[in-house]
Every structure is written in C-alpha cells, then in structure tokens.
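Here is how names work: the chains are called A, B, and so on, in the same order as the sequence lines, proteins then strands, and each is numbered from 1. Note that the coordinates shown come from a computational prediction; the quantities given were computed from them, not determined experimentally.
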Amino acid sequence: MAAARLHACLVLQPRARTLRAFSTSVSPATRSPRPSPSTTERTSRYERPLRRKALPPRTEKMAVDQDWPSVYPVAAPFKPSAVPLPVRMGYPVKRGVPMAKEGNLELLKIPNFLHLTPVAIKKHCEALKDFCTEWPAALDSDEKCRKHFPIEIDTAAYVSAGPSIRNPKARVVTLRKTEEWEKKKTEADMEEYVWKDSSSEKNILETLLQIKAAEKNLELSKEELLGTKEVEEYRKSVVSLKNEGDNENTLSQYKESVKRLLNLT
Amino acid sequence: MAAPVCCRGLRPLVLSWSRELPCVWRALHTSAVCAKNRAARVRVGKGDKPVTYEQAHAPHHIAHRKGWLSLHTGNLAGEDHAAERTVEDVFFRKFMLGTFPGCLADQLVLKRRANQVEICALVLRQLPAHKFYFLVGYSETLLSHFYKCPVHLHLQTVPSKVVYKYI
C-alpha cells in the first residue's frame, strides 16, 4: 500500500512538464506543517499523503538576463509566480499598503502587455522581414501612386469578441475612383429617380407660390415650403411612384398627398 | 319554472356587469425583492468576518477601486451581442462553481480575445494536482464544444482565501 502511494507521488512529478502549469504562490504560511485532520474534514485518509506542498515559484530560479519572450510568448493572464516583479495593486486599508501580487484579482482583471516588450517586438519584426519586399523606389509620391494605380478599393475588417468571427459591417466595400465624364451625368442617365432639382420639385414650388400669392400670403419662402410636412409627403409619394412603378399603394399615396397639399381633404 | 329561466338570462348579464367594475378584478403584481442599495455588499459584522478585496468593495467602487470581472467588446458603442456575452458569462460562472466545488477562492475573471474565451480562476489547494488537471481538461473541452469557440482555463492556486480586511 505504501509502495503504491509512493509510486503515485513519483508519477505526479513528470506531469509538471505538460504544456500548462498552474501558477502557484507560496506564502510563509504554507511552509508550516500540513493542517491537522481536525481542520480538513473533507480529505480522506488516502488523499492526505498525496497532497504535497506547493513548489517554490519560478521567479526564484529566474536569471536577471533571461529570455523574457520565452516566459510570455503570447498574450496570457498575469501569473504572479512567473513575473519576478514585486507589483502591488489595490486600494490600501487604513495605514496599510496595496495588496501583494499573489492571489490578486485586480492584476488578473487588467490586460497586460508582458508579451510585447521592446525585445519581443524586435524579434517579431525580424521574423516578419523574410516575408516583406522593399517598397518600389519609383513610387515616392502620392500623385505617382494615384497615376499608376488609380483604382482604390476600401475594405474594413472589424475585431470584436464573441464566438462568431463574422461581422456584417465588414461586407461594405468602397470603390474610390471617379472619372471626369461621370460628372456630366444628366437627369436622363439617373438609374433611380431623385427628387431634388427635378422638374416635379420646381412645378410644385411654383404652384404653391402662386396659390400663396393669390391668397396674398407671401410670408413663406422656398426653403420653408420645402420643409413642410405636406411637401415631404408629396416628395415621398412621387419618388415611390417613379421608382417602384404604378401600383395601388403608390397611386393612393400620391392621391392623398396631393389632396393634403392643396387642402382638398 | 320562471326562476331558472330568468337566472339563465341574468347570469351572463351579471358577469359582464361585474367585469366592468374595476374594483372587483384588481390583481397584485409581485416580483422578487432586490434593493439596489443592498446589491453585492457584505454587511458589516463584529470584526471577525474576513472579506476579500472583491467582496469588500461595493458596486459604486467599480472603475474607481475595482476593475471589471468580465471583459468583452459587446458594451462598446456600435457593437452588438452584449446580452449574449452576459448570458454566456453567467453560464461559465455557474459551470465553474459546480465543477470546482469548494475550490474557488474568488470570483472568476473572464476575458474574451477575438473568438476565444480565457477563464482566469483563483483556486484553493483542496484537490490533488492530477484531479485539477483532469478538471481543467474536462472544462475546456466541454465548454469549447458547447460554445463552438476556443475556451482556455488558467488557474492560479493560493493556499487560502486572500483576506483584504475583517469586517
């Protein structure tokens, strides 16, 4: 029985070289003898000898000139047994000091950049150099770039936290190149009907101004007329008529808006 | 003979008439009592109650003396799915509470980076190491399959709960 327990203890040792190790913090209290059976009622007689004392933290074995990027190669939470700095964090009690790093939840909460020291960044750049080529020397100004590569396509990638890697906003792609002849686009070339600066807008404004003049009511100006609710509704109905075509819905909308505009309801 | 007839005739009238009376049909709506001024606060005792830093500080100390236990982009302007992240957080906390019974020394810290979730837990040394390793692998595999994203569990063992003060 004792031999089996001893063997189990020895087997535990090589497990420490698995990819993950727990960060343990040892305070002077743990170096004292194991708690008496009266305090730990949960442990069974067989488990007690298996629970060995926590090992001293790794910081005690670290050399001053060690390779830090190998301790923190990627973004990882703060491990107090692997960071040899005497960091303290927390609001102190009266006549006290901030709490130590062992078991400090505040240090765990904040994002740390221990994996991005200047040495580590330099290493990353060195590794990436193999995949980069030199910028062509002939393209040294923005105008030259625009002349030789006129078409600019803008895509945006979004980083957010969540199980899904998709973001619908990333589907928007902008093409940024307008030719000179595109500015000569006339009303007849438009793909969809635009009400602004159209003959419909001019007609309705003239009609309304004539009505107001006949009623001797010249206070309203063009902008105010355009901003009224009835003109807005008329605009919407005309746009939907022209773009969607004639159907019951659009025609009835047009009828209502005209009646309201000319105060015939 | 006439009486039952008029009763049958009267009954529906009586019912509809009483429904129009507001006082007859008043109902009482109750919800669980949850006073804002008692949330997440450990009540002061005789000076023998040990509290951790997390328990000692009330919610109005968040962003002043306390950080956030869960970090994700859902609450930023223009970002979606904050509610889904919160529900996931609640599940993670309940799961870990049940998987490591009596071992958690403090609240979990959940961090999300792109699509992975990092659970940072402070554990007491209640179980032997091989049992901890098994539970870590079990939790990570189960949670990753459940949420279809990488879940990493980082444990930090402490000998006992870290006491901030006694209240």
Side-chain angles (χ1 to χ4, degrees), chain A residues 8-9 11-13 15-16 18 20-32 35 40 42-43 47-48 50-54 75-81 89-94 96 98-100 102-111 158-165 167-169, chain B residues 52-54 56-57 61 64-74 76 78-81 84-85 88 102 105-107 109 111-123 125-133 136-137 147-149 152-162 164-165:
Chain A
C9 277
V11 163
L12 280 173
Q13 302 271 353
R15 289 272 174 88
T18 48
R20 189 103 39 82
F22 303 140
S23 80
T24 57
S25 55
V26 177
S27 61
T30 52
R31 296 218 179 90
S32 57
T40 52
R42 290 169 61 102
T43 57
E47 276 184 48
R48 245 184 283 133
L50 281 174
R51 196 189 301 174
R52 46 194 185 125
K53 295 198 183 48
F78 182 83
K79 291 170 214 151
S81 61
M89 183 160 177
Y91 191 83
V93 283
K94 226 183 282 186
M99 300 188 34
E102 285 86 10
N104 196 328
L105 211 64
E106 299 301 312
L107 284 167
L108 272 181
K109 288 176 190 172
I110 54 170
Y158 294 84
V159 178
S160 57
S164 166
I165 52 173
N167 193 325
K169 291 189 278 193
Chain B
T52 60
Y53 189 88
E54 193 62 37
H57 288 93
H61 286 128
H64 298 271
R65 301 184 192 175
K66 279 209 298 195
W68 281 267
L69 287 168
S70 163
L71 292 174
H72 58 86
T73 58
L76 297 175
E79 296 289 332
D80 297 323
H81 309 298
E84 282 92 336
R85 300 292 96 76
E88 285 164 20
D106 213 335
Q107 295 280 344
V109 172
K111 295 180 164 184
R112 281 186 177 77
R113 185 178 300 123
N115 74 332
Q116 26 173 336
V117 184
E118 300 205 340
I119 306 177
C120 308
L122 222 50
V123 282
R125 295 176 193 151
Q126 299 278 53
L127 303 171
H130 64 279
K131 292 202 179 175
F132 268 127
Y133 280 120
V136 165
Y147 281 110
K148 307 281 183 275
C149 65
H152 300 291
L153 186 49
H154 301 272
L155 295 189
Q156 187 189 123
T157 60
V158 281
S160 58
K161 282 195 183 176
V162 184
Y164 174 65
K165 63 181 181 180

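- Neither the backbone nor the side chain of A:Ala100 comes within less than 4.5 Å of any heavy atom of chain B.
- Using a distance-only test at 3.5 Å, with no hydrogens or angles considered, a donor-acceptor pair links the side chain of B:Lys111 to the main chain of A:Ile110.
- Interface check for chain A: of the options B:Lys148, B:His57, B:Lys66, B:Lys165, the most heavy-atom pairs under 4.5 Å are formed by B:Lys66.
- Contact of A:Ile165 with chain B is made through the side chain alone, with heavy-atom distances under 4.5 Å.
- With a threshold of 4.5 angstrom between heavy atoms, B:Arg85 approaches chain A through side-chain atoms but not through N, CA, C or O.
- Counting heavy-atom pairs closer than 4.5 Å to chain A, the top-ranked of the candidates B:Cys120, B:Ala114, B:Ser160, B:Ala105 is B:Ala114.
- To the nearest 0.5 Å, atom CG of residue B:Leu69 and atom CD of residue A:Glu106 are 8.0 Å apart.
- The heavy-atom pair separating A:Leu108 from B:Val109 by the smallest distance is O-CG1, 3.9 Å.
- The choice from B:Gly78, B:Cys149, B:Gly67 that makes the most heavy-atom pairs within less than 4.5 Å of chain A is B:Gly67.
- B:Glu118 meets the salt bridge (charged side-chain N to carboxylate O under 4.0 Å, His left out) test with B:Arg113; sequence neighbours excluded.
- Proximity to chain A is absent for every atom of B:Gln116, based on heavy atoms less than 4.5 angstrom apart.
- Interface remark: of the candidates A:Leu105, A:Val93, A:Val159, A:Leu105 forms the most heavy-atom pairs closer than 4.5 Å to chain B.
- Between B:Tyr147 and A:Pro163, the shortest heavy-atom contact is O-CB, 3.7 Å.
- When atom types are taken as modelled, the side chain of B:Gln156 and the backbone of A:Gly103 share a donor-acceptor pair closer than 3.5 angstrom.
- With hydrogens and angles disregarded, no donor-acceptor distance shorter than 3.5 Å links the side chain of A:Tyr91 to the backbone of B:His64.
- Most heavy-atom pairs under 4.5 Å with chain A, from the set B:Lys161, B:Arg112, B:Arg65: that is B:Arg65.
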